[in-house]
Amino acid sequence: LERKQYLGSPRPLIIAISDMVQRHFQLHYGIQRDDLRVVRIATDPHRFDERDRPRRRVEWRHTWGLRPDETVGLFVAMNYRLKGLEPLLYAVQLLPRESPFRLLIVGNPQSSRFERLARKLGIADRIHFVGYCADMRNAYFAADFLVHPTFYDPCSHVVPEAMACGLPVITTRYNGASELMHPPREGLLIDDPHDHAKLAGCLKQMLDPTRRSSCSQSARRTAAQWTFEHHYRQMMAVFLEAAARKKAA
């Protein structure tokens, strides 16, 4: 199927979701750059109305048992292993106990393995597993920053969504969505998800409300650039190029 899709004749014009994915097409399939185009993902900033934050924040922090004074880091994924939840739990263990911090984990309701790890590490009281969340605005607005230490992600949509909600982001260079950021402006990047100490250091930086406030404003401005209008224009340009190629052939 991959040979038919990517290596057939005539050569297809391939849309990659990030520069990282484009490089992987070149590396693993031997596809020339002339046959690759990058089209960024989009988000609707109007979906995340900042005026909606106070109500949702109070309501859902109360629902999930999060205190108003706690700094809340948000982790969102369905594949907890791939997206780096295990090293994140080890990083939380390294945080100072006097810091009022909680990690909110949203996505896959099958979390027993990681709940056991949290208990083993002695941090179960700092972790709250939500499972499936029908409206992610509740989680975004209840949190103070997003932490996504993924081992591989072509371009995680939670990153621009979180930034559109004004959340600073901690992620890895193995996430194509990191290309949307200009660290340390909107948040922080780490090179190795297994580096628990480095990840913990990033978490500590996000415990500083002044730092979070600065990153929050930058994150919202950056996310506003990646609209569906921008995405459609990029897609139309690729379609027109593909049509021209077909006509010429």
Side-chain angles (χ1 to χ4, degrees), residues 17-20 38-61 64 66 68-77 83 88 101-107 130 133-150 153-173 175-190 199 201-234:
I17 201 170
S18 63
D19 292 333
M20 181 183 77
V38 174
V39 176
R40 305 292 182 185
I41 59 176
T43 192
D44 180 6
H46 300 294
R47 179 186 169 207
F48 306 106
D49 191 338
E50 184 63 16
R51 294 171 297 182
D52 204 22
R53 175 188 292 273
R55 177 186 64 81
R56 289 182 186 267
R57 187 176 180 85
V58 170
E59 178 183 352
W60 287 93
R61 281 204 170 207
W64 290 326
L66 307 171
D69 66 314
E70 288 181 314
T71 301
V72 175
L74 174 65
F75 174 89
V76 182
K83 302 309 171 71
L88 178 55
F101 171 78
R102 293 281 289 280
L103 179 63
L104 186 67
I105 300 173
V106 175
V130 169
C133 181
D135 189 339
M136 278 302 301
R137 290 175 294 184
N138 299 330
Y140 289 135
F141 287 142
D144 295 296
F145 64 91
L146 176 79
V147 54
H148 194 73
T150 182
D153 216 317
C155 192
S156 174
H157 204 185
V158 298
V159 168
E161 283 194 341
M163 291 198 298
C165 293
L167 296 187
V169 172
I170 300 170
T171 191
T172 73
R173 298 189 186 279
N175 184 354
S178 67
E179 298 163 16
L180 307 179
M181 300 168 60
H182 311 84
R185 204 163 71 190
E186 303 90 352
L188 302 166
L189 294 185
I190 60 173
L199 183 52
C202 292
L203 294 174
K204 288 177 185 176
Q205 289 189 55
M206 288 303 161
L207 296 179
D208 178 0
T210 303
R211 178 67 184 276
R212 289 200 311 273
S213 178
S214 175
C215 289
S216 174
Q217 296 173 36
S218 296
R220 193 175 290 108
R221 285 194 297 268
T222 297
Q225 302 173 33
W226 305 105
T227 64
F228 281 104
E229 182 64 31
H230 180 265
H231 178 81
Y232 296 152
R233 286 198 299 269
Q234 289 184 305

List the steps and the verdict of salt bridge (charged side-chain N to carboxylate O under 4.0 Å, His left out) for Arg47 and Asp52. CA-CA 10 Å; Arg47 179 186 169 207; Asp52 204 22; over 6 Å; no
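- With hydrogens and angles ignored, the 3.5 Å screen pairs a side-chain donor or acceptor of Thr222 with a backbone N or O of Ser218.
- Listed for the Glu179 side chain is no donor-acceptor partner under 3.5 Å among the backbone atoms of Ser18.
- Residues Met136 and Val106 form a side-chain contact, since some pair of their non-hydrogen atoms from C-beta on lies under 4.5 Å apart.
- With respect to the salt-bridge test (charged N to carboxylate O, under 4.0 angstrom), the residues Asp144 and Arg102 do not qualify.
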Before you tell me yes or no, could you show the steps for Gln225 and His230 under side-chain contact (heavy atoms from CB on, under 4.5 Å), namely the whole-Å CA-CA distance, both residues' side-chain angles and the distance that decides it to 0.1 Å? CA-CA 8 Å; Gln225 302 173 33; His230 180 265; over 6 Å; no
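- In terms of heavy atoms, Ala223 sits closest to Ala164 at CB-N, 3.4 Å.
- Taken from CG in Asp153 to OG1 in Thr172, the straight-line distance is 8.0 Å, to the nearest 0.5 Å.
- Pairing each heavy atom of Gly166 with each of Ser216, the nearest pair is O-OG, 2.5 Å.
- In plain terms, the two heavy atoms of Leu189 and Ser178 that are nearest each other are CD2-CB, 3.6 Å.
- Between Phe48 and Arg53 the shortest side-chain heavy-atom distance does not fall below 4.5 Å.
- Met163 places none of its side-chain heavy atoms less than 4.5 Å from the side chain of Thr43.
- Here the straight-line distance linking atom SG of Cys215 with atom CZ of Arg220 works out to 12.0 Å at 0.5 Å rounding.
- Between Val72 and Ala142, the closest heavy-atom pair is CB-O, 4.1 Å.
- The shortest distance between side-chain heavy atoms of Glu161 and Cys165 does not fall below 4.5 Å.
- His157 places a side-chain N or O within donor-acceptor distance of the main-chain N or O of Ala42, the cut-off being under 3.5 Å.
- Using a distance-only test at 3.5 Å, with no hydrogens or angles considered, a donor-acceptor pair links the side chain of Arg61 to the main chain of Glu70.
- Inter-residue side-chain proximity for Thr171 and Lys83 is flagged as unmet; no heavy-atom pair is nearer than 4.5 Å.
- Ring geometry for Trp64 against Trp60 counts as tilted: the plane angle lies between 30° and 60°, on a 0 to 90° scale.
- Looking only at side-chain heavy atoms (C-beta outward), Thr71 and Met206 stay at 4.5 Å or farther from each other.
- The main-chain N or O of Leu207 is found under 3.5 Å from a side-chain atom of Arg212 such that the two form a donor-acceptor pair.
- Atom CD of Glu186 and atom OG of Ser214 lie 10.0 Å apart (nearest 0.5 Å).
- How far CG of Leu146 is from OH of Tyr140: 7.0 Å, rounded to the nearest 0.5 Å.
- The two residues Leu74 and Val76 have their closest heavy-atom pair at CG-CG2, 3.6 Å.
- In this structure, CD1 in Ile105 is found 7.0 Å from CG in Leu88, a value given to the nearest 0.5 Å.
- You'll find the side chain of Leu199 reaches within 4.5 Å of the side chain of Val147, heavy atoms only.
- Between the side chain of Arg233 and the backbone N or O of Phe228 there is no donor-acceptor pair closer than 3.5 Å.
- In this structure, the separation between CE on Met20 and CZ on Arg173 is 12.5 Å, given to the nearest 0.5 Å.
- For the pair His231/Val39, a side-chain contact is recorded, criterion being any heavy-atom separation below 4.5 Å from C-beta on.
- For the pair Asn175 (side chain) and Thr150 (backbone), a donor-acceptor distance under 3.5 Å is absent.
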